[in-house]
Amino acid sequence: MSGLSRKAILGLHSPLARVVEVHEALASTQERARVLARAGTPHGTLVVAGIQTGGRGRLGRHWGSPAGGLWMSLVLRPGIGARFASRITQTSAVGVARALREIGVEARIKWPNDLLVGGKKICGILAESGIRNIPGPAKEARLEYAVLGVGMNANLDPEDLGVPDREVTTIRSELGRDVDPLILLRALLSNLDNELGRITYFEAVLEAWRNLNCTLGERVRVRRYGETVEGRAVDLTREGGLLLATGDATVEVFEGEIEHLQQGKDA
Ligand code: BTN
């Protein structure tokens with residue numbers, strides 16, 4: 001994103017920006033951060049790119065990343081067991097939603113971690129994990145690192161994203177002006193750090209997620225194990241799965257993408 005320098009980012013003194021790389025162009029900040037993570041870079045390594053030529057979204061999708069967006073990946077070492085890795089998904093969604101609200105954008109979370117404004121996507125989050133198995137009977141696998149990718153449609157017009165078939169919006173379009181990239185990044189890093197700091201008190205994170213979401217109460221459709229399930233989203237499980245009430249049963253959805261079937265309060 002133009003207007004961001006390594007020096008200015010280091011000047012934020014964020015625990016999530018101890019090591020910083022700023023690239024004009026990169027295939028994918030996610031791939032670069034993963035290389036750094038495998039090489040042992042510390043928690044709080046941030047990679048930012050002005051444009052990405054091979055940006056990746058969830059479920060293997062292409063992620064258009066032209067100039068004006070904030071395309072970034074963070075290396076995290078949250079010190080949790082591998083079985084809790086999925087908590088990063090909801091935790092980061094809460095952090096990003098709060099950051100957007102701080103700069104005046106009333107974003108809501110669509111399960112599990114898309115950020116929407118008025119039903120249009122403004123930011124996508126991609127959380128990927130590296131797991132280390134500790135030998136020995138009683139040892140549980142640790143989460144060695146996570147790479148958290150944030151794709152924020154910031155100072156550009158929705159048309160610039162080149163996805164006419166998808167409902168997307170941008171900070172420029174919502175605020176009617178551009179945002180100072182350093183103010184946006186500061187809000188993101190500080191809210192992500194706050195939320196990640198309480199990942200072990202996950203019930204509190206989930207409560208915040210419930211207050212910020214636009215999925216619960218909605219009728220949704222999800223593709224699961226090759227079949228399509230429709231139901232009303234009723235709540236989250238203790239680990240952030242989505243509970244759907246179908247006519248005759250309650251089913252849990254752990255991952256994937258849901259479709260909201262009607263326009264609700266904010267989506
Ligand atoms: C989604 O599908 O909603 C997640 C999109 C994540 C995109 C970001 S942009 C920065 C980082 N680098 C990538 O290649 N992807 C993530």
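Counting convention: from 1, in listed order, for ligands and their atoms alike. Position 1 is the first residue of the sequence, and the numbers go up from there.
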To which of R56, E257, H62, R32 does the heavy atom nearest atom 7 (C) of ligand 1 belong?
R56
Give me the residue, atom name and distance of the protein heavy atom closest to atom 11 (C) of ligand 1.
T29 OG1, 3.2 Å
N-O pairing of R232 and E218 below 4.0 Å
no
Distance under 6.0 Å and angle within 45° of ring axis: R87 vs F84:
yes
Between M72 and ligand 1, find which residue part has any heavy-atom pair under 4.0 Å and reply side chain, backbone, both or neither.
backbone
Decide, yes or no, whether a salt bridge links R101 with E106 under the criterion of side-chain N to carboxylate O below 4.0 Å.
yes
From V179, V105, L188, residue fulfilling side chain to side chain contact (heavy atoms under 4.5 Å, CB included) relative to L100:
V105
For atom 5 (C) of ligand 1, the protein heavy atom that lies nearest, with its residue and separation:
W63 CE3, 3.5 Å
Could you walk me through whether R98 and E195 pass the salt bridge (charged side-chain N to carboxylate O under 4.0 Å, His left out) check?
CA-CA 10 Å; R98 290 204 154 138; E195 297 309 322; 2.8 Å; yes
Answer yes or no: does an N/O atom from R58 fall short of 3.5 Å to an N/O atom of ligand 1?
yes
Salt bridge present between E255 and R223 (N-O < 4.0 angstrom):
no
Atoms of ligand 1 under 4.0 Å from any heavy atom of S28, numbered from 1 in the order shown, are 12 (N), 13 (C), 14 (O)
Answer side chain, backbone, both or neither: which part of V150 comes under 4.0 Å from ligand 1, heavy atoms only.
backbone
Determine whether the side chain, the backbone, both or neither of K121 has a heavy atom under 4.0 Å from any heavy atom of ligand 1.
side chain
As a check for students: among S73, A127, G151, identify the option with a heavy atom nearest to atom 8 (C) of ligand 1.
G151
Can you tell me if G55 has a non-hydrogen atom under 4.0 Å from ligand 1?
yes
Correct closest heavy-atom pair for K110 and T215 would be CA-OG1, 3.4 Å
One finds that the ligand 1 atoms under 4.0 Å from a non-hydrogen atom of D114 are 3 (O)
Between the side chains of R56 and E128, is the shortest nitrogen-to-carboxylate-oxygen separation below 4.0 Å, so that they form an ion pair?
yes
Consider every N or O of Q52 and every N or O of ligand 1, then say whether any pair is closer than 3.5 Å.
yes
